[in-house]
Amino acid sequence: MGSKLHLGAALDGAGWHPAAWREPNSRPAELFTPAYWTDLATTAQRGLLDFVTIDDSLSVPGDRRAPTDGALDRVRARIDAQLIAARIAPVTRHLGLIPTITTTHTEPFHVSKAIATLDYTSRGRAGWQARVSGTAAEAAHFGRRPLRELTAAELAEVAAAGTFPDFVHDRFAEAADAVEVVRRLWDSWEDGAEIRDVATRRFIDRDKLHYIDFQGRHFGVRGPSITPRPPQGQPVVTALAHAPLIYEFAARGADLVFVTPTREAGPAPILEQVAAAAAQVGRAGEALRVYADLVVFLDSDQETGPHRLARLNEASGAEFGSDAPIFAGSADELAELLIEWSAQGVDGFRLRPGVAVDDLAAIADRLVPALQQRGVFRTGYPDGSLRALLDLPTTVPNRYATA
Amino acid sequence: MSTPRKQVILGAYLGGVNHHTAWWHPEAGSQIDFSSFEHTARTAERGKFDFFFLAEGLALRERAGEIFDQDIIGRPDTLTVLASLAAVTEHLGLAGTINTTFNEPYELARQFASLDHLSGGRAAWNVVTSFDAFTGQNFRRGGFLDPADRYVRAEETLSAVRVLWDSWSAADLVADKATGRYLGRPDAGAFAFHGSQFDIAGRFTVPRSPQGRPVILQAGVSPQGRDFAAANADAIFSPYAELREAAKFYRDIKARAVASGRAADDIKILPSASFVLGDTEAEAVEKYHAVRNEQVTGQTALILLEQIWNRDLSGYDPEGPVPDIDPDPDAAPIIQGRAFVHQDRFATVRRLREVAEAKKLTLREVVIDQFERGPLVGTPAQVAEQIDTFVQDNGSDGFILGSHLVPWGLDEFVDKVVPLLQDRGALRTEYTGTTLRDNLGLRAARTATTVSAGT
Ligand SMILES: Cc1cc2nc3c(=O)[nH]c(=O)nc-3n(C[C@H](O)[C@H](O)[C@H](O)COP(=O)(O)O)c2cc1C
């Protein structure tokens, strides 16, 4: 048995291509219905995938680099990813469910109990993609504090030198605090805190509940959580990152980081940067797992991947661009690429279906069999939690446990 | 043709963090595992209930600075449970209590509209105003809110949420593949709201949900709370179980609704109630007393009184008289993290003393007698009759029912009482509407009405 690949899918509305909703199989009017999401989850589970992430933000979806204000031809709508994940949970059995929840305007206390509860309703399959809300638009939706965005000059500086202005550092420091608070709240109940001791009428052993008393530079949270420690102990925390500052954020608090190598350079330079970031923040314990993101347009019976992509580009009137590398081609070619990048040290992959319905089905029905033939992907789900599926330790020590 | 019988509205709740829930019962299940919620919700749906309801608490209760260990502790996240329940039910409304202090209008609007989409139009929000610095310690924004401001913020929150819900009309979602037109207008979801609490603007991302506006419930009994509910809510929880008091509350709320320009029928009034059934009346009464006696231990009785007295009463004998000292409203609170519903401590104390004296009750017995939530006790036929009569006599429009036994307690009610209510013509035998609003007999939400933005 060769070493097995880890494979998840990233769901975002009708797909990652702006014209995805216009494809014949797409269901653009149903993007807000439960059936659409349970069908996608069922497909992902048919493909034995490790997980799906569900994208979200507190502003209109779309490419920040290409503002779509005023556009009528884009899906400029979405619903809450955490609730989509919760809606999917009871109708799936094995698939990991990783909604995006933003940290900047959201209360960590709410995030912690929401993901813990998703872990209960999915019976141990919850994760969280932590995301910073960076836009002034999102800040205006809350009106509590104005938020600066990077100016064009600062963006150029970031691109050239890879360094961010101080306010961006602050925002990620705050996000790191939010992740820390969420994790401490998950540990704020020890396992077995509920004792139901009828003789003394004690429902819990209060010595097994802990105030987290977090006091950071930006905010404080006392705890404990109102929700007992979730089945996985610590649900899986993930983050998408494109730069050393964000690798450091991920190295501080995440289990998995989603990265975006270029096709030309491959993953090696990023793997080095992630390792450096982990060393920089003094990460101890489990290594940060690095997953490469790829947007995929796979061959269909009628059409090659590149043809599909070209047709979609024509429909949207622009060349498709993405932060992640774009793959258009056959399942076999993609299988080879994944195996090659695996060999370079990538722990797993998160594929972003260009067209959700079509490319997710192609991942399940073409790519996964191609990987199975090569002996690098499972042929059935084992029983167990998402952590187990991802080869993360399934027993997570509780930081507050004394015994 | 005779006029159709007034239909009884039924909600179900899962007993949680309080002394009513018999966690020590050998058959009592988990308060957290999804299976408990799933069973109760499926049972309620089998009984053709209107909705399933979850309460909220955002800090573990404390007594004298120590986490409370006598009752059930811990609850899951409301919206997550409701969204998961949407997967295992088809018709049941899904109602969640979420306060307006520790949440922002943009996220509240988004979450409830999303739940409404994901449940096909079954979402309801119980808007509560709970505030306190103690709970605030769990939130980055802290316990900043002055108690006097809580309904100001609640009103503005609800107004802002409605502005957001109304920022999309049904026509804005075109999704026409042929023409490539996804939106009906470029500024679908554009909103602005300016008030004393919020100054927000931008784009709401959630298209109009099946109910347009999810159903609004409200719980609060102060004059301010009543006015707020009468003007805004589709239903209000009534704290009154006794018909005369309840009917007075009923008339008051309906009158306030009319005064604020709505129809009396636009707001439903729902007391919460527990039930105990027996094959004979005597058996039910005996069972009821046994349950209550077990629920209210001496320690629980003292703790409930400490909440009113705001003093350490642990030195008092539960089987002795009601404490003869006065409450101490100005001291630091001894019980923290519990919604406080006694407006006037001194009046409550007076009442407890009078009842104890008149009925010759010990401290513990008077707590049993006075801290009850409208028990429905009797044979199934008697309980069906009690419910139906209470509703036909305008004590309420229905009930929110909970059992002391989680998660199995509701089964008995659905098996035995529901068919009798159906025989009386007071409860549907099939769901007729597609949304919760339909099932509650509420008119469809108005679209895009202008909402005043407060001051
Ligand atoms: C029947 C009922 C149920 C309530 N449920 C909750 C709840 O679940 N969570 C909460 O924080 N407050 C709850 N409350 C408290 C109310 O939100 C409110 O804070 C309290 O009633 C005081 O408001 P008032 O002065 O208008 O009565 C409830 C109140 C009543 C009467």
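Below, read A as the first sequence line, B as the second, and so on, with proteins coming before strands; counting in each chain starts at 1. Hydrogens, waters and symmetry mates play no part in the numbers below; they use all other heavy atoms, side chains included. In this text, all values refer to a predicted model and were calculated from it rather than measured experimentally.
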Practice problem: Measure from the side-chain N and O atoms of H117(B) to the backbone N and O of P34(A), and report whether any donor-acceptor pair falls under 3.5 Å. | Solution: no

Quiz item: Is it the side chain or the backbone of D197(A) that comes within 4.5 Å of chain B heavy atoms, both, or neither?
Solution: backbone

Quiz item: If you count the non-hydrogen atoms of other residues, nucleotides and ligands that lie under 6.0 Å from CZ in R311(A), is the total more than 12?
Solution: yes

Quiz item: Can you check whether P108(A)'s main-chain N or O pairs, donor with acceptor, with R140(B)'s side chain at less than 3.5 Å?
Solution: no

Quiz prompt | Side chain, backbone, both or neither of A114(A) within contact of chain B (heavy atoms, under 4.5 Å) | solution = both

Practice problem: Test side-chain contact (heavy atoms from CB on, under 4.5 Å) on E194(A) and Q31(B) and set out the steps. | Solution: CA-CA 10 Å; E194(A) 184 181 315; Q31(B) 297 288 132; 5.7 Å; no

Self-check item: Interface moiety of T200(A) toward chain B, non-hydrogen atoms closer than 4.5 Å
Solution: backbone

Exercise. Check the pair I226(A) / N138(B) against side-chain contact (heavy atoms from CB on, under 4.5 Å), numbers first and verdict last.
Key: CA-CA 10 Å; I226(A) 57 163; N138(B) 283 337; 5.6 Å; no

Practice problem: Please state whether the side chain, the backbone, both or neither of F139(B) comes within less than 4.5 Å of a heavy atom of chain A. | Solution: both

Practice problem: Using non-hydrogen atoms and a 4.5 Å limit, figure out which bit of A86(B) sits close to chain A: side chain, backbone, both or neither. | Solution: both

Quiz prompt | Contact leader toward chain A among T80(B), V88(B), D176(B), D199(B), where contacts are heavy-atom pairs under 4.5 Å | solution = T80(B)

Practice problem: Using a strict 4.0 Å threshold on nitrogen-to-oxygen distance, state whether K113(A) and E56(B) make a salt bridge. | Solution: no

Practice problem: Give a yes or no on whether the backbone of P28(A) and the side-chain of K177(B) come within a donor-acceptor separation of less than 3.5 Å. | Solution: no

Exercise. Could you tell me which portion of T78(B) (side chain, backbone, both or neither) has an atom closer than 4.5 angstrom to a non-hydrogen atom of chain A?
Key: neither

Quiz item: Where does the angle between the aromatic ring planes of F203(A) and W23(B) fall among parallel (under 30°), tilted (30 to 60°) and perpendicular (over 60°)?
Solution: perpendicular

Self-check item: Which atoms of I84(A) approach chain B - backbone, side chain, both or neither, heavy atom under 4.5 Å
Solution: both

Exercise. Using side-chain hydrogen bond (donor to acceptor under 3.5 Å, both in side chains) as the criterion, list what pairs up with R183(A), not counting sequence neighbours.
Key: Q234(A), D255(A)

Quiz item: Does any heavy atom of chain A fall under 4.5 Å from the side chain of L82(B), the backbone, both, or neither of them?
Solution: neither

Quiz item: Which residues in residues 207-217 of chain A have a heavy atom less than 4.5 Å from any heavy atom of chain B?
Solution: L209(A), Y211(A)

Quiz item: What do you reckon, are the aromatic ring centroids of F34(B) and Y120(A) less than 6.0 Å apart?
Solution: no

Quiz prompt | P24(A), part contacting chain B, at a heavy-atom distance under 4.5 Å | solution = backbone

Quiz item: Do NZ/NE/NH1/NH2 and the carboxylate oxygens of R110(B) and D56(A) come within less than 4.0 Å?
Solution: yes

Exercise. Examine whether an atom of E62(B) lies under 4.5 Å from a heavy atom of chain A, and if so say whether it belongs to the side chain, the backbone or both; otherwise answer neither.
Key: side chain

Quiz item: So which part of F68(B) gets closer than 4.5 Å to some heavy atom of chain A, the side chain, the backbone, both or neither?
Solution: backbone

Practice problem: Please flag which part of A188(B) lies under 4.5 Å from any non-hydrogen atom of chain A: side chain, backbone, both or neither. | Solution: neither

Exercise. Give, as side chain, backbone, both or neither, the part of R185(B) having an atom under 4.5 angstrom from any heavy atom of chain A.
Key: backbone

Exercise. For S114(B) and R87(A), run side-chain contact (heavy atoms from CB on, under 4.5 Å): C-alpha distance rounded to whole Å, both residues' side-chain angles, the deciding distance at 0.1 Å, then the answer.
Key: CA-CA 10 Å; S114(B) 297; R87(A) 176 63 181 74; over 6 Å; no

Quiz item: Please walk me through it: do H105(A) and E104(B) pass side-chain contact (heavy atoms from CB on, under 4.5 Å)?
Solution: CA-CA 9 Å; H105(A) 305 288; E104(B) 298 297 319; over 6 Å; no

Quiz item: Where does F134(B) contact chain A at under 4.5 Å (heavy atoms): side chain, backbone, both or neither?
Solution: side chain

Self-check item: S59(A), part contacting chain B, at a heavy-atom distance under 4.5 Å
Solution: backbone

Quiz item: In terms of ring plane angle, is the pair W21(A) and Y182(B) parallel, tilted or perpendicular, where the classes change at 30° and 60°?
Solution: perpendicular

